[in-house]
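One structure below.
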Amino acid sequence: MAEELRRLIETGCLYSQEHVDTLQAGYTHLQPAQVIRHSHWMMSHMLPLTRDLDRLHELTARINVCPLGSGALAGHPFGIDRVSLANGLGFSAPTLNSLDATSDRDFVVETMQWASLLMVHLSQWAEDIILLNLQKCVHLSDAYATGSSLMPQKKNPDALELLRGKSGRVIGHCTGFLCTLKGLPRAYNKDLQEDKEALFDTVHTVRDCLAIATGVLATMTPNVDRLAATLTPEMLATDIAEYLVRKGIPFRETHHIAGAAVKLAEDRQVPLSSLSVDDLRTLHAAFDDDVTALWSYEHSAESRASLGGTAKAVVLQQITTVLDKCVRLGR
C-alpha cells in the first residue's frame, strides 16, 4: 500500500507543479473566501496523504514483532532462541509476553485505523473534485466518469463517488472489529477469527481505491477559465484590511473599515473593485493611490509569501518538500 500511496502523492505533486499559475477561489463554509492557487488547493489534499504515508511507515515498524514461540499461551519449553528466530524471519524483535502475543490483534486494528483515516482523506479529496466538477472547473476523463442512462448530456463522477462511498466500508470494518475485541479475555478466543475478513477486505479496498484515485488525478485537467470565473472582487476585502494594517492601523479597526467598503459596494450594487480611491477615503484617510494594486488576484495570492501561503515560490517549495519526503520514504 505504501508504494500505491506514494505514487498518488507524486502524481498530485506533478499536477500541482504543472498548474501552479492557475488561480481559483478558496472556500470556507462553501462560500468564496480568498484567492488561492489551484496547486495550493491540490497540495492541501496531498499533505494529509503524506502524513498517512508517514503513519504507515511508523505503523509497520511498530507491529513488526514475531509471536512465533509463544505457544498456546504460555511459551515453549524447548530452548529455541526467539531473538534469532525473529531476526531470521525478518522481524525487528520477538514479542515479550506469550499471553499477550496470542491475544494481541493491535496490528490488525492499527492497520484498519490507518486505512480508515486514509480513506477519510481520499473521500474529502473526492468530494472537493466532485464540487469542482459540478462547477465545470475540472475535466474528468471518460475512463472515470459516465453518462446518464437517460440524460446524455450528463457526465457523472462515478469513480469519485465510489471512493467516497468506500470510506464508509473501511471505517465500518474497523469499528466492527473493535466491538469484537472489547469484551475478550486473555489468550486466544474464537471471536478473533473475525479479523481475517475485515483486514483482508480493508487492504484490498484501499489498494483498489489508491489505484483509482491515481488514475483520476493523472487524467484530470483544470478548466482555467472556469476556475478564474470563481474569483470575485469581494474576495479582496481581507486584502483591504491588510493594506491598512501596513499603514499602521490595528486590524481590529481595519476589519470594520473593509466591511464598510463591502457594504458601500453592495449599496451601490457595484463590484468592490469599482470603488475609487476617493470612495475609500470617505471610510479612512489612510487610503492612497496605491490601493488600486489590490484589485489584482495575482497580487493577492503573491502577497501571502510566508511558509504555507499561496505565493508561487512558496507553493513550489511545499511541492518540492513533499516530493523529497516521498523519495526518502520510498528507499
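Numbers here simply count residues along the sequence, with the first being 1.
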ask   = Crowded around Lys155 NZ? As in, over 12 foreign heavy atoms under 6.0 Å?
value = yes
inquiry  = Heavy-atom count check: over 12 atoms from other residues, nucleotides or ligands less than 6.0 Å from Lys196 NZ?
reply    = yes
task = Find out if a path of hydrophobic residues (ILVMFWY) with successive side-chain heavy-atom gaps under 4.5 Å connects Leu178 to Trp114.
result = yes
request  = Classify the ring geometry between His38 and His19 as parallel (under 30°), tilted (30 to 60°) or perpendicular (over 60°).
outcome  = perpendicular
message = If I take atom CD from residue Glu18 and atom OG from residue Ser39, how far apart are they, to the nearest 0.5 angstrom?
response = 9.0 Å
Any Phe287 side-chain heavy atom under 4.5 Å of Ile240 side chain = yes
query = Taking atom CD1 of Ile319 and atom CD1 of Ile9, what is their separation to the nearest 0.5 Å?
reply = 13.5 Å
Residues Leu162, Tyr144; criterion side chain to side chain contact (heavy atoms under 4.5 Å, CB included); working and verdict = CA-CA 10 Å; Leu162 289 170; Tyr144 298 98; over 6 Å; no
task = Report the distance from atom OH of Tyr15 to atom OG1 of Thr221, rounding to the nearest 0.5 Å.
result = 7.0 Å
Minimum heavy-atom distance Ile129-Trp41, with the two atoms named = CG1-CH2, 3.8 Å
task = Answer yes or no: does atom CG of Leu96 have more than 12 heavy-atom neighbours from other residues, nucleotides or ligands under 6.0 Å?
result = no
query = Would Leu227 and Leu132 count as a side chain to side chain contact (heavy atoms under 4.5 Å, CB included) if you check the C-alpha gap in whole Å, the side-chain angles of each, and the deciding distance to 0.1 Å?
reply = CA-CA 9 Å; Leu227 285 168; Leu132 287 176; 4.2 Å; yes
query = Any side-chain heavy atom of Met119 within less than 4.5 Å of one from Thr202?
reply = no
Side-chain ion pair, Glu10 and Arg7, N-O less than 4.0 Å = no
ask   = Linking I/L/V/M/F/W/Y whenever any side-chain heavy atoms sit under 4.5 Å apart, do Val120 and Met43 land together?
value = no
ask   = How far does CG of Asp52 sit from CG of Leu122, to the nearest 0.5 angstrom?
value = 7.5 Å
message = Can a donor-acceptor pair be found, under 3.5 Å and without considering hydrogens, that links the side chain of Gln17 to the backbone of Leu316?
response = no
ask   = Looking at OG of Ser103 and CG of Asn97, how far apart are the two atoms once the value is rounded to the nearest 0.5 Å?
value = 8.0 Å
query = Can you tell if the side chain of Asp239 reaches within under 4.5 Å of the side chain of Ser303, non-hydrogen atoms only?
reply = yes
query = Looking at side-chain heavy atoms only, is the closest gap between Leu160 and Trp125 below 4.5 Å?
reply = yes
message = Between His29 (side chain only) and Gln31 (backbone N and O only), is there a donor and an acceptor less than 3.5 Å apart?
response = no
ask   = Met112, Leu56: one ILVMFWY side-chain cluster at the under-4.5 Å cut-off?
value = yes
inquiry  = I'd like to know if Asp54 and Arg51 make a salt bridge, using a cut-off of under 4.0 Å between side-chain N and carboxylate O.
reply    = no
ask   = Do Val20 and Leu23 belong to the same hydrophobic cluster, where Ile, Leu, Val, Met, Phe, Trp and Tyr are linked whenever their side-chain heavy atoms lie under 4.5 Å apart, directly or via other members?
value = no
ask   = Can we say Asp289 and Arg281 salt-bridge, meaning some charged N sits less than 4.0 Å from an Asp/Glu carboxylate O?
value = yes
inquiry  = Ignoring hydrogens, what is the shortest heavy-atom contact between Val314 and Gly308? Give both atom names and the distance.
reply    = CG1-N, 3.5 Å
ask   = Is the ring centre of His173 less than 6.0 Å from the ring centre of Phe200?
value = no
query = How close do Thr214 and Leu210 get, heavy atom to heavy atom, and via which atoms?
reply = OG1-O, 2.8 Å
inquiry  = So Met42 and Met220, do their side chains get closer than 4.5 Å, heavy atoms only?
reply    = yes
query = Within the distance-only criterion (no hydrogens, no angle test), does the side chain of Arg304 pair as donor or acceptor with the backbone N or O of Ser300 below 3.5 angstrom?
reply = yes
query = Is a donor on one side and an acceptor on the other found under 3.5 Å between the side chain of Thr230 and the backbone of Ala25?
reply = yes
request  = Applying side chain to side chain contact (heavy atoms under 4.5 Å, CB included), run through Glu161 and Asp158 and close with a yes or a no.
outcome  = CA-CA 5 Å; Glu161 291 172 359; Asp158 286 1; 4.0 Å; yes
message = Would you compute the distance between atom CG of Leu199 and atom NE2 of His204 and round it to the nearest 0.5 angstrom?
response = 9.0 Å
inquiry  = Has Ser98 got a side-chain atom pairing as donor or acceptor with Leu73's backbone, closer than 3.5 angstrom?
reply    = yes
remark   = For Met46 and Leu8, the nearest pair of non-hydrogen atoms, with its separation, is SD-O, 4.0 Å
task = Verify the cluster assignment for Leu47 and Leu329: are they in a single hydrophobic cluster under the rule of side-chain heavy atoms below 4.5 Å apart?
result = yes
note = Residues Asp81 and Val83: closest non-hydrogen pair is OD1-N, 3.0 Å
key: Shortest non-hydrogen separation from Ala145 to Leu140 and the atoms involved   = CB-CB, 4.5 Å
inquiry  = For Lys166, is there an ion pair with Asp208 - N to carboxylate O distance below 4.0 angstrom?
reply    = no
request  = Would you check if the side chain of Thr254 reaches a backbone N or O of Ala241 as a donor-acceptor pair within less than 3.5 Å?
outcome  = yes
message = Does atom NE2 (His121) have a neighbourhood of more than 12 heavy atoms from anything else shown, all under 6.0 Å?
response = yes
key: Worked check of side chain to side chain contact (heavy atoms under 4.5 Å, CB included) between Thr180 and Arg105   = CA-CA 11 Å; Thr180 298; Arg105 292 299 182 275; over 6 Å; no
ask   = Below 4.5 Å, heavy atoms only, C-beta onward: do Lys312 and Glu302 meet side chain to side chain?
value = yes
ask   = Testing Leu192, Val108, Asn189, Asp106 for side chain to side chain contact (heavy atoms under 4.5 Å, CB included) with Leu181, which one passes?
value = Leu192
query = Looking at side-chain heavy atoms only, is the closest gap between Leu236 and Leu294 below 4.5 Å?
reply = no
key: Within-4.5 Å side-chain heavy-atom neighbours: Phe177 and Asp195   = yes
task = Name all pairs fulfilling the side chain to side chain donor-acceptor pair (under 3.5 Å) condition that reach into residues 86-96, sequence neighbours left out, sorted by first residue then second.
result = Arg82-Thr95
query = Which residues pass the side-chain contact (heavy atoms from CB on, under 4.5 Å) test with Glu110, sequence neighbours left out?
reply = Leu59, Arg62, Ile63, Gln113
Report, one line per pair, each donor and acceptor closer than 3.5 Å where one atom sits in a side chain of residues 256-266; sequence neighbours left out.
from	atom 1	to	atom 2	distance (Å)
Lys263	NZ	Asp267	OD2	2.9

ask   = Is the backbone of Gln135 close enough, under 3.5 Å, to the side chain of Arg226 for a donor and an acceptor to pair up by distance?
value = yes
